[in-house]
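Everything below concerns the one structure shown next.
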Amino acid sequence: MNDPKKRLLGMTLPELKAMAVELGMPAFTGGQMAQWLYGKRVADIDEMTNLSKQNRERLKAVCEVGRMEPVDCQRSADGTIKYLFPVEKLPSLSGEGMGERLHVETVFIPDGDRATLCVSCQVGCKMNCLFCQTGKQGFEGHLTVADILNQIFALPEAEQLTNIVFMGQGEPLDNLDAVLKAIEILTADWGWAWSPRRITVSTVGIRGKLQRLLDECDCHIAVSLHAPSHELRSELMPAERAMPIAETIELLRGYDFAHQRRLSFEYIVFEGVNDTLAHARAIVKLLQGLDCRINLIRFHQIPDVPLRGTDDATMLRLRDYLTQHGCFTTIRASRGEDIQAACGMLITKSEK
């Protein structure tokens, strides 16, 4: 059996140069490949027309670009589009060979002159937050760098994108090496050359990895808060037991969010659970002195979860109280609920 071809998508400039040299080409050919892959988003090696035909043939013998088109899409009445992307066959969780072909969901959200892509980094998730359908799926595997980037580079609307958020399926810090490498390619001069300020990484907070994320990239950070106390957050988010929110915030206080880099806290509001003014007062106390903003998010009902979303009047009351007490707060518009593309609704347990 022939070995599978290597995917060029996801390789850094040093890796592309090393590949070129390994195949008997000049090292600068790696820079040309980077330009074709990330600057011009080609899907086929034959499109790299400033490589000689002989060099393209050498490259095609062992490599492919590695783009995989979406296999399904759903369109919401509000313009949101949810794509289903195939991913590389991941090692079986049993440790015996490779598993079946899996998929991830990716959500494109157009909004006037802004267009945001919600990118996934895992198939399923280990965090098992009570309110998240992806967590109910369980963990099925980490995405490779190529599969993270494929959601962007194979997106039909890629040229329209203004922002990328790592808020899809999976916990970015749990697949941190791949996420950081993807961000490097997206922001490097030899890559897609985006500003890191156009990228946001969402996280529940993982001990030892949050600090690394803060130190190694300049992207915006969004912390999943959802409750201001250790006890309540532990009920909603098992990750709280391993890294309490108080510890997360203490770490964040050591970084500068007063200038270009932004820190936000995501807060899904549940009726009778975390939606009182007492909770709001606790949030103000918890975040006091931290330069940040709060996004209040409506809960989208998922099967077999007893939580309910709160009413609009309560959302407005929370927003106004928090803002009046020094925590700039917005209510995030809900998008794509009719196609199960809204916050917490992504799932690929049953492959389409």
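Keep in mind that what you see is a predicted model, and the values were worked out from it rather than measured.
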Donor on one side chain, acceptor on other, [X] and [Y], under 3.5 Å:
{"X": "Tyr83", "Y": "Glu69", "value": "no"}
{"X": "Asn295", "Y": "Thr330", "value": "yes"}
{"X": "Thr323", "Y": "Asp320", "value": "no"}
{"X": "Gln137", "Y": "Glu140", "value": "yes"}
{"X": "Asn175", "Y": "Gln122", "value": "no"}
{"X": "His300", "Y": "Ser334", "value": "yes"}

Answer yes or no: is there a side-chain heavy-atom contact under 4.5 Å between [X] and [Y]?
{"X": "Leu51", "Y": "Met33", "value": "yes"}
{"X": "Asn150", "Y": "Arg7", "value": "yes"}
{"X": "Cys292", "Y": "Leu287", "value": "yes"}
{"X": "Ile199", "Y": "Asn163", "value": "no"}

Does this structure show an ion pair linking [X] with [Y], if we count only N-O contacts that are shorter than 4.0 Å?
{"X": "Glu64", "Y": "Lys6", "result": "no"}
{"X": "Arg298", "Y": "Asp311", "result": "no"}
{"X": "Asp256", "Y": "Arg261", "result": "no"}
{"X": "Arg207", "Y": "Glu247", "result": "yes"}
{"X": "Lys82", "Y": "Glu105", "result": "yes"}
{"X": "Asp46", "Y": "Lys60", "result": "yes"}

Going from [atom1] on [X] to [atom2] on [Y], what distance comes out if it is rounded to the nearest 0.5 angstrom?
{"X": "Asp304", "Y": "Leu130", "atom1": "CG", "atom2": "CG", "result": "11.0 Å"}
{"X": "Thr329", "Y": "Gln324", "atom1": "OG1", "atom2": "CD", "result": "10.0 Å"}
{"X": "Leu346", "Y": "Met167", "atom1": "CG", "atom2": "CE", "result": "12.5 Å"}

(request) May I ask you to check whether Phe131 and Phe270 place their ring centres under 6.0 Å from each other? (result) yes
Output yes when a side-chain donor or acceptor of [X] lies under 3.5 Å from a complementary backbone atom of [Y], and no otherwise.
{"X": "Glu266", "Y": "Ser202", "result": "no"}
{"X": "Asp147", "Y": "Val87", "result": "no"}
{"X": "Gln301", "Y": "Val305", "result": "yes"}
{"X": "Thr348", "Y": "His103", "result": "yes"}

(request) Identify whether Val165 and Leu296 are in the same connected component of the hydrophobic contact network (ILVMFWY, side-chain heavy atoms under 4.5 Å). (result) no
Taking atom [atom1] as the centre, does [X] end up with more than 12 heavy-atom neighbours from other residues, nucleotides or ligands that are less than 6.0 angstrom away?
{"X": "Arg197", "atom1": "CZ", "answer": "yes"}
{"X": "Gln288", "atom1": "CD", "answer": "no"}
{"X": "Glu271", "atom1": "CD", "answer": "yes"}

Do the rings of [X] and [Y] sit parallel, tilted or perpendicular, given the 30° and 60° boundaries?
{"X": "Trp192", "Y": "Phe153", "answer": "tilted"}
{"X": "His226", "Y": "Tyr267", "answer": "tilted"}
{"X": "His325", "Y": "Tyr321", "answer": "parallel"}

(request) Linking directly or through intermediates, with side-chain heavy atoms under 4.5 Å: list the remaining ILVMFWY members grouped with Phe28, chain and number order. (result) none
Taking all heavy atoms of [X] and all of [Y], pick out the closest pair and write down the distance.
{"X": "Gly336", "Y": "Ser76", "result": "CA-OG, 3.7 Å"}
{"X": "Cys343", "Y": "Ile268", "result": "SG-CD1, 4.1 Å"}
{"X": "Phe257", "Y": "Leu252", "result": "CE1-O, 3.5 Å"}
{"X": "Arg233", "Y": "Met243", "result": "NH1-O, 4.1 Å"}
{"X": "Val204", "Y": "Glu171", "result": "N-OE1, 3.0 Å"}
{"X": "Pro172", "Y": "Val179", "result": "O-CG2, 3.7 Å"}

Only pairs under 3.5 Å count here: list side-chain donor-acceptor contacts from residues 181-191, not counting sequence neighbours, and write none if there are none.
{"residue": "Lys181", "atom": "NZ", "partner": "Glu15", "partner atom": "OE1", "Å": "3.0"}
{"residue": "Lys181", "atom": "NZ", "partner": "Glu15", "partner atom": "OE2", "Å": "2.9"}
{"residue": "Thr187", "atom": "OG1", "partner": "Ile183", "partner atom": "O", "Å": "2.8"}

